[in-house]
Amino acid sequence: MLKATLRSFLAHKGRLLLSALAVLLSVAFVAGSLIFSDTVSRTFDRLFASTAADVTVSPKEGLDEAVPSGRTATLPAALAERVRRVDGVAAARAEVDVNGLTVVDENNEPVGPTTGAPTLGNAWNPNERSPVELTSGHAPRGPGQALLDSETADRRDVRIGDTLTVIAPPGSFEVRVVGIVTFTTTNPGAALVFLDPSTARTKLLGDPRAATGIAVDAAEGVGDEQLKRRVAAALGAHTYDFRTADEQAESDVEQLGGFLDVIKYVMLGFAGIAVLVGVFLIVNTFSMLIAQRTRELGLLRALGADRRQVRRSVLTEALLLGLVGSTLGLAAGIGLAAGLIELMGLLGMNIDADEMVIGWVTPVAAYVVGLGVTFVAAYLPARRAAGVSPMAALSDAEVAGVGRPLRVRAVAGAVVGAAGAAALVGCAVSERTASAASLLGLGVVLTLIATVIAGPLLVRPVIRVLGGAFPALFGSIGRMSQRNALRNPRRTGATAAALMVGLALVGGMSVASESMTASFDRQIDRTLGADFVIQNTNFLPFPKEVTDAVRDTEGVGLVVRGRFTPVAVRLPDGDRVETTAAGYDPRLDEVANITYTQGDSAAALADGRLAMDRDFARDHGVRVGGTVPVEFQGGRSAELTVGALTDQDSAEGFGTQGGLYFGLGTLERYAPGGQDSALYVNAAPGTSDDELRARLEATLDPYPQVQVRDLADYKQLVHDQITVLLYLVYALLGLAIIIAVLGVVNTLALSVVERTREIGLLRAIGLARRQLRRMIRLESVVIAVFGAVLGLALGLVWGLCTQQVLALQGMTALAIPWVTIVAVVIGSAVIGVVAALLPALRASRMNVLAAIAHE
């Protein structure tokens, strides 16, 4: 049996190649994502471990910034002197590290990265742990001198002696580049500007007595933990945060972890799609191979092979296929990881591909996925093969299940479909976002399974409609192509299912994204009343001088500032909710249209008061006039009175949990030092919008990071953000289509082999080569369009339910992208034509007499 299995596998290696490609793609994405994330993690582990001081003293914050506030936490720089006197301290340095700077050259062109990585301003404190070293020029020696990292200098063609403008939180200032520093470790993609310590404190922090942290080096023989305890005792254990080198490195890795997780999970999403679609391809391939080997299997049974041996033989072939696919996929995964590393290099993150990390988890995961997919997919065809009777050797019988009733599928599909429909209905009527989202996920999974199970039941009625015009358009050729697609509903359903999965995903996400876009458009139209909004390109806050420049611009009538801050609110029901709150100037009503259910803007923005979304207030037992304890950044807290409740659908600041906002006076009292994130500007009487826009753009020319946006620009900004999500979905669709095309090609190729005698007889009675190719192409088209129709119908249902979940968050508009749907159906027909090219060409080249004699 082993010899027979190996010979059978080698005899059908060409037919199994496309299935092996599906396994290869699945494994490649799994292996590539693990290798890439492990390599990046190891690289940054080394970076942070090598650059962290033995002990780091930093300000005690406690609240994470989901939205940047522009506030830089500081501590007294004089603490360095106190730390130096602690027993066991070899050295202590007051550090300055400020994120979110903008640096421009003499032409007002940004010098920093354009890929989202930050531009950092630092004090020049060279030591053995510095990530950079001075390689040309000299150290900065005064307020007008700076160092720049070599990669940024090369990328932006900056040389020693050039003048740069640094736009920092306290304001802008000019520096002359007097030296270039080179990274001795991995460059995480940031641009680095170094100033002398005194200048850094004054220009970057706005306070010559402040620092962002104290770096402490231990004396020989003193452990990090021991030194940490001593420094904490000297400064007060509860006054600042104290971390050892390991703890600081771990904290830095955690901050980076979100970025790495996004990449890993996106790639694993690709792997999941590849696995799911590949299963259909492998099931179909083995089902057809077994159907074509009915006589061979019957002979094996007649020669004494029992059911278990036949089943084991087929599963062994599947495992061999999985072994080959996994091995090739692992190699492809290494190549994919190398490509991602190169891509990161183009984006400014330099990772050494020679130090690629391939841990034991990666090959184990690769082979578990590859072998597992093929084993599971081949199990049902293997059981069917084991049921072949020895008498099948005497006939041309097939075990493909053409004539078997589909009652079991009908019952199973109905049960699973009913459960899925119930979950989706529950999602649609649910009033809580968490439960609605859970029911949506359950409903999507169950309805997808139900459609796959019941797909063959839908083949005959749907394809009769889709191919109904074929006889009229293409005569007898069209009729035969339609009947070929109807001949084996299980095979047609399984082939179309691979395409259905990808199109269901794109259909659902297209409806959701279109609805989100329409909802945001409606909210912006209803809420935004300002002529213009001034914002940073990447939504980072900007310095006060930008606000002052806008106010001084000719033709500006009203400027209302918007600012964000992280807060934690303790609510009457006992919950403590961390969220982002906004602060606004008193004349908010003149630039925003807010619907209040209780109170008004005057009450919301009054000193010591705040506004809250009505649904959030109701869920947590908050009433107008009640007080809630609010914790601010830096450890300050206050009892604020609820002055107003808003309708979140139209509340300014929507999208943050609770919809909290208050007056800028309240914000400045409890979280001073923040920066404006948005300016809402109205034109003065007698000034047109076009005139004011031109003047504002001229005013903001020295600040290339700040943009002037009107209502249409603001909408486009939101559209662009949502489009990024759609690009990911379309990429997943592209992968699903690639594997689905392989499935259609495989099915048609095996179908051609299966119908060799039939094709020979058709050719013998006068069917032309061109007519034969057209027949196979039409068969492929109707199968592909069938998959598209099922997928889009399922996707529309998913999209409608997703929109109901979004409606609970205030995004109530429903929009269906009919243009996308029509384009997908047309594209599916094109896919069908492309997939049929090779099988149709092979069929048309058959020798007629040899085909008739084929068994």
Side-chain angles (χ1 to χ4, degrees), residues 43-61 72-99 120-135 138-141 147 149 179 181-188 192-202 204-205 207-255:
T43 299
F44 280 97
D45 284 347
R46 292 174 180 171
L47 168 65
F48 297 140
S50 64
T51 57
D54 294 328
V55 173
T56 300
V57 184
S58 56
K60 187 177 286 292
E61 285 298 318
T72 303
T74 62
L75 46 68
L79 287 179
E81 187 59 37
R82 290 176 57 186
V83 172
R84 289 189 193 105
R85 295 196 295 265
V86 174
D87 184 32
V89 171
R93 301 173 299 279
E95 300 280 0
V96 175
D97 185 356
V98 177
N99 190 0
L120 305 177
N122 301 272
W124 179 244
N125 281 318
N127 59 85
E128 61 182 13
R129 288 189 172 91
S130 294
V132 297
E133 62 182 5
L134 185 63
T135 52
H138 61 82
R141 298 168 185 160
L147 306 179
D149 72 276
V181 296
T182 302
F183 280 91
T184 58
T185 60
T186 295
N187 177 9
L192 298 185
V193 176
F194 291 92
L195 308 171
D196 75 80
S198 176
T199 302
R201 291 194 292 270
T202 303
L204 300 182
L205 301 179
D207 185 352
R209 298 166 299 177
T212 56
I214 307 295
V216 187
D217 295 337
E220 188 174 352
V222 179
D224 290 358
E225 283 291 344
Q226 183 182 21
L227 184 61
K228 172 185 168 182
R229 288 193 297 269
R230 292 178 183 178
V231 173
L235 300 183
H238 302 292
T239 309
Y240 304 104
D241 283 332
F242 303 89
R243 296 189 183 94
T244 63
D246 290 343
E247 291 169 343
Q248 183 64 44
E250 184 178 346
S251 174
D252 292 336
V253 168
E254 286 178 0
Q255 294 179 17

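Values below: all heavy atoms of this structure, side chains included; hydrogens, waters and symmetry mates excluded.
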Would you check if [X] and [Y] make a side-chain contact, meaning some heavy-atom pair closer than 4.5 Å?
X	Y	result
Phe183	Leu192	yes
Thr72	Leu205	yes
Arg129	Asp217	yes
Pro140	Leu147	yes
Val57	Leu75	yes
Pro76	Arg209	no

Item to complete: Begin with the C-alpha distance, continue with both residues' side-chain angles, and end with the deciding distance and a verdict on salt bridge (Lys or Arg N to Asp or Glu O under 4.0 Å) for Asp207 and Arg201.
Response: CA-CA 6 Å; Asp207 185 352; Arg201 291 194 292 270; over 6 Å; no

Worksheet entry | Flag, side chain of Glu247 to backbone of Thr244, donor-acceptor distance under 3.5 Å |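 Yes.
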
Fill in: Arg84 side chain vs Ala92 backbone, donor-acceptor pair below 3.5 Å
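Between the backbone of Ala92 and the side chain of Arg84 there is a qualifying donor-acceptor contact (under 3.5 Å).
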
Fill in: Val193, Asp196, Val96, Val132 screened by side chain to side chain contact (heavy atoms under 4.5 Å, CB included) with Trp124, the one that passes
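One option only clears the test, and that one is Val132.
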
Distance in Å, [X] [atom1] paired with [Y] [atom2], rounded so as to fall on 0.5 Å steps:
X	Y	atom1	atom2	result
Asn122	Asp97	CG	CG	4.5 Å
Thr184	Glu133	OG1	CD	6.0 Å
Thr135	Asp149	OG1	CG	10.0 Å
Gln248	Ser58	CD	OG	6.5 Å
Tyr240	Thr56	OH	OG1	15.0 Å

Item to complete: Give the C-alpha distance, both sets of side-chain angles, the deciding distance and a yes or no for side-chain contact (heavy atoms from CB on, under 4.5 Å) between Phe242 and Leu235.
Response: CA-CA 10 Å; Phe242 303 89; Leu235 300 183; 3.9 Å; yes

Measure across [X] and [Y] and return the closest heavy-atom pair with its distance rounded to 0.1 Å.
X	Y	value
Arg230	Val86	CB-CG1, 3.8 Å
Pro208	Thr202	CB-OG1, 3.6 Å
Val55	Asp224	CG2-O, 3.7 Å
Ala215	Ala53	CB-CB, 3.8 Å
Ser130	Asn125	OG-O, 3.7 Å
Pro197	Ala123	CA-CB, 3.9 Å

Worksheet item: Going through the checks in order, is the side-chain contact (heavy atoms from CB on, under 4.5 Å) test met by Leu227 and Val89?
Response: CA-CA 7 Å; Leu227 184 61; Val89 171; 3.5 Å; yes

Discussion item. Determine whether Arg93 and Ile214 satisfy the following criterion, side-chain contact (heavy atoms from CB on, under 4.5 Å), listing intermediate values before the conclusion.
Written reply: CA-CA 6 Å; Arg93 301 173 299 279; Ile214 307 295; over 6 Å; no

Worksheet item: Does the side-chain contact (heavy atoms from CB on, under 4.5 Å) test come out yes or no for Leu204 and Leu195, once each step is laid out?
Response: CA-CA 9 Å; Leu204 300 182; Leu195 308 171; 3.9 Å; yes

Practice prompt. Give a yes or no on whether a salt bridge exists between Asp54 and Lys228, defined as a side-chain N under 4.0 angstrom from a carboxylate O.
Written response: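 Between Lys228 and Asp54 there is no salt bridge, as every charged N stays at least 4.0 Å from the carboxylate O atoms.
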
